[in-house]
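Counting starts at 1 for both ligands and their atoms, in listed order. Quick caveat, the model's predicted, so the values are computed rather than measured. If you read the sequence from its start, that first residue is 1, and numbering goes on from there.
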Amino acid sequence: MHKQQPRPGILDIVPYVPGNVDNTDYGKANLASNESPLGASPAAQQAFRDIAAKLHQYPDGAATRLRQSIAEAYGLDPKRLICANGSERLIDLLIRAYAGPGDEVLYTEHGFLMYPICARAAGATPVTAPERDYTTDVDALLAAVTPRTRLVFVANPNNPTGTYISASEVRRLRRGLPGNVILVIDSAYAEYVEQKDYSAGHELVDNDSANVVVLHTFSKIYGLAALRLGWAHCPDEIADVLNRIRGSFNVSACSQAAGIAALADTAHTAAARAHNSQWRPWLERELAALGLAVIPSAGNFVLVRFKNKEQSQAAHRHMLERNVVLRPMGAYHLSEALRITVGKEHENKACIAGLKEFLRGA
Ligand code: PMP
């Protein structure tokens, strides 16, 4: 008897390993998953609880009020917004819709792991372009385009490097790409960025060229990672395509209610941004003072490089013993590095104290 085989590419996928493997151990400081140290807005938590009385009802399949709230908060047209179970699901839907066997999905050397995972799941070929100083290199991306390229993914700022490219660099990338290649600007960390030359990219989403999509998530600054909520800003044509293939009730009622409340609580979002603006530079300074190589970050995390893989693994173990979880980077071919999410004040201090102790002993 012959066994069924999955489609080509699927067995080439290395499954995604989350940063905090046991996320139910709340005794640990989880600085491994880029979660918000301030948690979700109390109003979002209440909106989530209120749904308990209505669990028998299907959610709004079109997420109308949620899209309206996003549109108002970001100054966009709600018709061009698609919500889904995390922005990772939108990465998957975009690739499934536009790429298949023989097609290439291009992204940067240390780009987010879901790009190659979703490309392979669709039978397409993931292709990487080198970075310069851990930063997206527009020329290298353009040089890697072939007649088979269907989509280009740029996380800006990028995870796990934390680096960003300016709005004019993103425009130069778009101008240099063939018109039929979709540029997906993954703006998961956009809400943290303070640099004046940065843009999340919404001004590039237009119906004439219809080849730019911008992704956002509620998992980071809005602190709703548990609910799996993300959204895409698309040209009409692409929104129409995604609406055909997404699930009919693809965003839960809890996620919709909490998302709306989170957007309305602008004071909470501002507090999360202010916390990050205070503690990320603090972490960067303290890590540098320990003699570690820190990549300058625009997000809510920093990538720090050790002497080699062995030292970074030892540091990871040492910190685990102190109940501080950092993110190993082997899956990103950065095995000499650890990624550290900005945490609460005492977590950041415990992180630096633990690393200081580790390096003294090393
Ligand atoms: N894009 C980037 C660059 C990310 O870092 C993440 C989360 N790690 C995502 C997308 C996915 O976020 P989510 O599915 O939680 O919305």
Exercise. Can you run down the salt bridge (Lys or Arg N to Asp or Glu O under 4.0 Å) pairs that involve residues 129-149, sequence neighbours left out, and say none if there aren't any?
Key: R132-D137, D139-R172
Quiz item: Got a sec, which pairs hit salt bridge (Lys or Arg N to Asp or Glu O under 4.0 Å) with one end in residues 77-99, sequence neighbours left out?
Solution: D77-K79, R80-D236, E88-R228, R89-D92, D92-R96
Self-check item: Option passing side-chain contact (heavy atoms from CB on, under 4.5 Å) with I185 (candidates V213, L204, V205, L215)
Solution: L204
Self-check item: Those residues that, when tested against E109, pass salt bridge (Lys or Arg N to Asp or Glu O under 4.0 Å) (two or more places apart)
Solution: none
Quiz item: Do the side-chain N and O atoms of E191 and Y74 include a donor-acceptor pair separated by under 3.5 angstrom?
Solution: yes
Exercise. Might you work through the side chain to side chain contact (heavy atoms under 4.5 Å, CB included) test for D60 and R65, ending with a clear yes or no?
Key: CA-CA 9 Å; D60 171 4; R65 282 190 54 221; 5.7 Å; no
Quiz item: Who's touching ligand 1 if we go heavy atoms under 4.0 Å?
Solution: G86, S87, E88, F112, A155, N159, D186, A188, Y189, T217, S219, K220, R228
